[in-house]
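Below, read A as the first sequence line, B as the second, and so on, with proteins coming before strands; counting in each chain starts at 1.
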Amino acid sequence: MAKADKLPKQNQDFNAWYNTVVLQADMADYGPVRGTMIVKPYGWALWENIQAALDSRFKATGVENAGFPMFIPMEFLRREAKHVEGFAPELAVVTHGGGKELEEPVVVRPTSETLIGHAYSNWIQSYRDLPVLLNLWNSVVRWELRTKIFLRTLEFYWQEGHTAHASAEEAQERTMMMLDAYTDFAVNEAAVPVIPGEKSELERFAGADRTFTIEAMMGDGKALQSGTSHNLGQNFSKAFDITYLDENNERPYCWTTSWGLSSRFIGAIIMTHGDDKGLKLPPRLAPIQTVIVPIYRNDDEATAVMAAVARIENELKTAGVRVKVDNRDNLSPGFKFNDWEMRGVPTRIEIGPRDLENNSVALARRDVPGRDGKQFVARDGLAEKVVALLDDVQVAMLAAATAFRDANTEDVDNYNDFRRATAKGFARVWWAGTNEDENRIKEETKATIRCIPMEQPTGTGTCFFTGKSADKVAIFARSY
RNA sequence: CAGGAUGUGGUGCAGUGGCUAGCACACUGUCUUCGGACGGCAGAGGUCGGAGGUUCGAAUCCUCCCAUCCUGACCA
């Protein structure tokens, strides 16, 4: 447990703040190969809670989990022209195996659409076999040039869902259903307000007809694509011959979807909620929801305090609270307060000799840092108070993140205001531009279309860039 | 892949040609206690990123290489 060095301030160097907090909060470490990460137990526990929250949502819609290979024949990727074009530069290719050069190199999966296409082609014969609804929890490899822990690493963890349907309508319905699941997860579990919307053609997934996204605003005003859901149309079913016999004894192609959310979301949580004291984890996902710090001066006090701590720990566990007792005896309470605030534990109980006398404890909330977030409460009914406080913190964190996002989102109608708005946050604009216009804006301002939000104003407006009549608004921002 | 920065105990750093390479934190033992990053004493831990060169002498100067981070380009 390294004594925490002072964290860089967010508003001075957000990037340094992020790198430092990830390492000091024990979320992750760098791997031995450039651009790889080691997820430490505390970070992995958060990921497990994310997995559980998503997995139950998937299964509620009839999705089953499966495991697919890590290796893909190179030839598979070539079958879908846009797909291979999109991924070719970042493929890790295995050229040797068993001590010999392989006749045909194999690719380490950057995503599994092609493997799924191959399997579905074999599995699906009849309309009675549809829909197929699978999800994979795995890791994938993309040889990125520029990496950042959790946000973009050579290997990352995620889930990828893959479904096949008999109709275009059903595929689109599934695409939106999963986007909704991501939105619900982000907002209600992670307290990360996201904007669900559709990607522009330039930002679309390689091989998709339509790509949908949830976009979140990080603490520095930049956008982070936090989950995606793709309607793949018939692109992969044509490339892999995924067909079925319908009721009329005809053999149409399937309509497929894929959707993914990755360990990048851990980065989203860190950068949405974190402050100058460190991490701030949403109670519903936090590996530790409340930490108990005992305070004592001598052995007699320690005995009495630890007995009380044990009782509180039991009460909280019974109430379903994920609780940890910090019984490290070589560290001062003051150190521990800071340490657990840095790690983002949403609530903290402090109990010492004075509390034993007063039949009280100190109860602190992480979303209000320092002493301000601390109050002394009666010992009776403590578990209920902690549960209620956790709910409060969850609600308050979502409210704070939403307020921050809204305060840094601006409706603008001209390029000058657009530049100013995207320098600090999101710009919402009427948009009727072309791909060329979008590229030019990107070159000049570094801002890109994050999404065309699902929620649109009524009526039409004037495109801020081209002056043409526009029937939709777009969110532009600089992004990770 | 280009530009920049950095490589010295576990971590963060100091040390720009000269004796045995220092400091802080962490670590081990011990004493002392702990309500917002306690204190004392004792201790362990380093082929100074690698290779070659210059020199009586190199962490320090030169050449090459390697790695990481940052910025940009690129990218679900």
Side-chain angles (χ1 to χ4, degrees), chain A residues 1-7 13-16 18-20 23-24 29-36 82-83 85-91 110-111 113 140 142-149 151-154 156 158 160 199-200 202-208 211-215 224-230 232 258-262 264 277-278 293-302 305 326-342 348-358 360-362 364 369-374 376 442-443 446 448 450-451 479-480:
Chain A
M1 299 302 146
K3 179 168 185 173
D5 296 324
K6 290 300 174 202
L7 223 47
D13 190 343
F14 194 82
N15 195 51
Y18 177 82
N19 287 330
T20 308
L23 298 177
Q24 284 193 3
D29 204 347
Y30 293 102
V33 173
R34 172 201 72 84
T36 61
K82 286 194 181 122
H83 193 62
E85 190 185 321
F87 282 109
E90 52 191 68
L91 293 179
T111 178
E113 273 76 6
V140 290
R142 298 175 188 181
W143 214 264
E144 303 284 355
L145 296 177
R146 175 93 176 275
T147 59
K148 191 176 176 70
I149 210 158
L151 298 186
R152 184 175 290 104
T153 48
L154 298 197
F156 60 87
W158 75 345
E160 46 175 321
K199 283 293 188 188
S200 70
L202 287 178
E203 301 277 331
R204 194 177 289 158
F205 174 69
T211 287
F212 298 84
T213 176
I214 51 172
E215 294 286 325
L224 184 71
Q225 177 176 307
S226 304
T228 49
S229 186
H230 312 291
L232 303 175
S258 69
W259 24 277
L261 185 146
S262 76
R264 163 184 273 195
K277 302 282 271 179
V293 177
I295 295 159
Y296 47 78
R297 283 186 298 268
N298 53 50
D299 287 351
D300 285 348
E301 287 183 358
V305 167
D326 188 349
N327 56 9
R328 293 176 292 180
D329 63 1
N330 57 332
L331 297 172
S332 70
F335 179 93
K336 293 176 181 179
F337 301 159
N338 287 280
D339 195 37
W340 291 112
E341 278 173 9
M342 208 256 306
R348 183 182 66 240
I349 293 167
E350 308 164 14
I351 179 160
R354 290 211 303 265
D355 294 303
L356 295 185
E357 275 178 37
N358 300 337
S360 68
V361 302
R371 287 195 184 84
D372 295 342
K374 187 152 78 176
F376 286 86
K442 181 180 180 181
E443 273 171 36
K446 291 177 189 165
T448 52
R450 300 325 302 156
C451 70
S479 73
Y480 279 98

Trainee: Among B:C69, B:G36, B:C70, which nucleotide sits nearest the side chain of A:Phe337?
Mentor: B:G36
Trainee: Mind checking if A:Phe156 touches a base, just sugar-phosphate, or nothing, with heavy atoms under 4.0 Å?
Mentor: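 Since a base atom lies under 4.0 Å of A:Phe156, the category is base.
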Trainee: If you look at every strand shown and take non-hydrogen atoms under 4.0 Å, does A:Asn19 touch a base, only sugar-phosphate, or nothing?
Mentor: sugar-phosphate
Trainee: Could you check whether A:Arg264 gets within reach of a base, just the sugar-phosphate, or nothing at all, counting any heavy atom under 4.0 Å?
Mentor: nothing
Trainee: Hey, does A:Lys446 reach any base, or is it just sugar-phosphate, or nothing, if we go heavy atoms under 4.0 Å?
Mentor: sugar-phosphate
Trainee: Using atom P of each nucleotide, how far apart are B:U16 and B:U60 to the nearest Å?
Mentor: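 Per the computed distance, 12 Å lies between those P atoms.
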Trainee: Applying a 4.0 Å non-hydrogen cut-off, can you work out what A:Ala208 is touching in the nucleic acid: base, sugar-phosphate, or nothing?
Mentor: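 No contact.
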Trainee: Would you classify A:Pro89 as touching base, sugar-phosphate or nothing, given that sugar-phosphate means primed atoms plus P, OP1 and OP2, and contacts are heavy atoms under 4.0 Å?
Mentor: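 Nothing: the residue A:Pro89, judged by heavy atoms under 4.0 Å, touches no strand.
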Trainee: For B:G36, does the base pair up with any side-chain atom of A:Lys374 as donor and acceptor (N or O, under 3.5 Å, distance only)?
Mentor: yes
Trainee: Could you work out the separation of B:G18 and B:A5 based on their P atoms and round it to a whole Å?
Mentor: 25 Å
Trainee: What interatomic distance, in whole Å, is found between C1' of B:G57 and the corresponding atom of B:U20?
Mentor: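 Rounded to whole Å, the distance is 16 Å.
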Trainee: For the P atoms, the ones on B:C56 and on B:G9, what distance do you get once it is rounded to whole angstrom?
Mentor: 31 Å
Trainee: Between A:Lys336 and A:Glu350, is there a salt bridge with N-O shorter than 4.0 Å?
Mentor: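 No, A:Glu350 and A:Lys336 are not salt-bridged.
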Trainee: Would A:Arg450 and A:Thr448 count as a side-chain hydrogen bond (donor to acceptor under 3.5 Å, both in side chains) if you check the C-alpha gap in whole Å, the side-chain angles of each, and the deciding distance to 0.1 Å?
Mentor: CA-CA 6 Å; A:Arg450 300 325 302 156; A:Thr448 52; 2.6 Å; yes
Trainee: Measuring only the P atom in each nucleotide, how far is B:U32 from B:A51? A whole number of Å is fine.
Mentor: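 49 Å, rounded to whole Å.
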Trainee: Do any N or O atoms from the side chain of A:Tyr18 and from the backbone of A:Ile149 form a donor-acceptor pair under 3.5 angstrom?
Mentor: yes
Trainee: Can you tell which of B:C70, B:G35, B:A37 lies closest to the side chain of A:Lys148?
Mentor: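 Looking only at heavy atoms from C-beta outward on A:Lys148, the closest nucleotide is B:C70.
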Trainee: Does A:Arg146 make a side-chain donor-acceptor contact with the base of B:C75, cut-off 3.5 Å?
Mentor: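 No such pair is found, so the answer is no.
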Trainee: Once rounded to the nearest 0.5 Å, what's the spacing between atom OG1 of A:Thr228 and atom CH2 of A:Trp158?
Mentor: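 Rounded to the nearest 0.5 Å, the OG1-CH2 separation comes to 7.0 Å.
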Trainee: Please determine, for the side chain of A:Arg34, which listed nucleotide (B:G35, B:C69, B:C75) has the closest atom?
Mentor: B:C69
Trainee: Would you indicate which nucleotide in B:C1, B:G35, B:C75 comes nearest to any side-chain atom of A:Leu145?
Mentor: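 Shortest atom-to-atom distance from the side chain points to B:C1.
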Trainee: Classify the angle between the aromatic ring planes of A:His230 and A:Phe205 as parallel (below 30°), tilted (30 to 60°) or perpendicular (above 60°).
Mentor: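 Correct class here is parallel.
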Trainee: Nearest whole angstrom, please: distance from the P of B:U33 to the CG of A:Asn330.
Mentor: 17 Å
Trainee: Considering only side-chain heavy atoms of A:Ile295, which listed nucleotide, B:C74, B:C69, B:C34, is closest?
Mentor: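 Closest of the options to the side chain of A:Ile295: B:C34.
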Trainee: Starting at the 5' end of RNA chain B and moving along, which residue's nearest nucleotide shows up first, A:Gly352 or A:Pro110?
Mentor: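 It is A:Gly352, whose closest nucleotide lies nearer the 5' terminus.
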Trainee: Output the rounded distance in Å from CG (A:Asp29) to P (B:U68).
Mentor: 14 Å
Trainee: With rounding to the closest Å, how many angstrom separate the P atoms on B:G43 and B:C61?
Mentor: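 B:G43 and B:C61 have their P atoms separated by 35 Å.
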Trainee: Could you tell me how far apart A:Ile351 (CD1) and B:G36 (P) are, to the nearest whole angstrom?
Mentor: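 Checked: the CD1 to P distance equals 16 Å.
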Trainee: Nearest 0.5 Å, what's the CZ-CG distance between A:Phe335 and A:Asn330?
Mentor: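 So the gap between those two atoms works out to 9.0 Å.
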Trainee: With no hydrogens and no angle check, is any side-chain donor or acceptor of A:Asp326 less than 3.5 Å from a backbone partner on A:Arg328?
Mentor: yes
Trainee: Using atom C1' of each nucleotide, how far apart are B:C23 and B:A14 to the nearest Å?
Mentor: 7 Å
Trainee: How long is the straight-line distance from CD of A:Gln24 back to CG of A:Asp339, given to the nearest 0.5 Å?
Mentor: 9.5 Å
Trainee: For atom C1', what is the distance between B:A26 and B:A44, given to the nearest Å?
Mentor: 13 Å
Trainee: Tabulate atom names and distances for all N/O pairs under 3.5 angstrom spanning the protein and nucleotides 3-8 of chain B.
Mentor:
none

Trainee: Measure the distance from CD on A:Glu443 to P on B:C75 and round it to the nearest whole Å.
Mentor: 12 Å
Trainee: Quick one: is A:Arg297 getting a side-chain N or O under 4.0 Å of the B:C34 phosphate, OP1 or OP2?
Mentor: yes
Trainee: Can you tell me how far the CZ atom of A:Arg152 sits from the CZ atom of A:Arg146, to the nearest 0.5 Å?
Mentor: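 If we round to the nearest 0.5 Å, A:Arg152:CZ and A:Arg146:CZ are 8.5 Å apart.
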Trainee: Kindly compute the distance separating OG1 (A:Thr211) from CD (A:Glu203), expressed to the nearest 0.5 Å.
Mentor: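 Nearest 0.5 Å value for the OG1-CD distance: 10.0 Å.
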Trainee: With a 4.5 Å cut-off on side-chain heavy atoms, are A:Asp29 and A:Leu23 touching?
Mentor: yes
Trainee: Taking CZ from A:Phe14 and P from B:C70, how many angstroms apart are they, rounded to a whole number?
Mentor: 14 Å
Trainee: Counting any heavy atom closer than 4.0 Å, what does A:Arg204 reach on the DNA or RNA strands: base, sugar-phosphate only, or nothing?
Mentor: nothing
Trainee: Distance-only, no hydrogens or angles: does the A:Arg264 side chain make a donor-acceptor pair with backbone N or O of A:Leu224 under 3.5 Å?
Mentor: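 Not confirmed, A:Arg264 side chain does not pair with A:Leu224 backbone.
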Trainee: Is a donor-acceptor contact shorter than 3.5 angstrom present between the side chain of A:Arg371 and the base of B:G35?
Mentor: no
Trainee: Name the residue closer to the 5' end of RNA chain B, choosing between A:Arg348 and A:Trp158 according to the nucleotide with the nearest heavy atom.
Mentor: A:Arg348
Trainee: If you check every side-chain atom of A:Phe335, which of B:C75, B:C69, B:A37 has the closest atom?
Mentor: B:A37
Trainee: Measure the distance from CD on A:Glu301 to P on B:U32 and round it to the nearest whole Å.
Mentor: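 Atom-to-atom, A:Glu301 to B:U32, this comes out as 15 Å.
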Trainee: For A:Lys446, give me all partners under salt bridge (Lys or Arg N to Asp or Glu O under 4.0 Å), at least two apart in sequence or on another chain.
Mentor: none
Trainee: Under 4.0 Å, counting only non-hydrogen atoms across every strand here, what does A:Phe212 touch: a base, just sugar-phosphate, or nothing?
Mentor: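 Nothing: the residue A:Phe212, judged by heavy atoms under 4.0 Å, touches no strand.
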Trainee: Output the rounded distance in Å from CG (A:Leu331) to P (B:G39).
Mentor: 12 Å
Trainee: Take the protein atom CG of A:Asp326 and the nucleotide atom C1' of B:C34, then report the distance between them rounded to whole Å.
Mentor: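 Rounding to the nearest Å, CG of A:Asp326 and C1' of B:C34 are 12 Å apart.
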Trainee: Closest to the A:Arg152 side chain: B:C34, B:G36, B:C75?
Mentor: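 Per side-chain heavy atoms of A:Arg152, the pick is B:C75.
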Trainee: If you write RNA chain B from 5' to 3' in dot-bracket form, with Watson-Crick or G-U pairs under 3.5 Å, [ ] for crossing pairs and | for pairs with another strand, what do you get?
Mentor: ((((((((.[[[[.)..(...]]]].(((((.......))))).....[[[[[..)....]]]]])))))))....
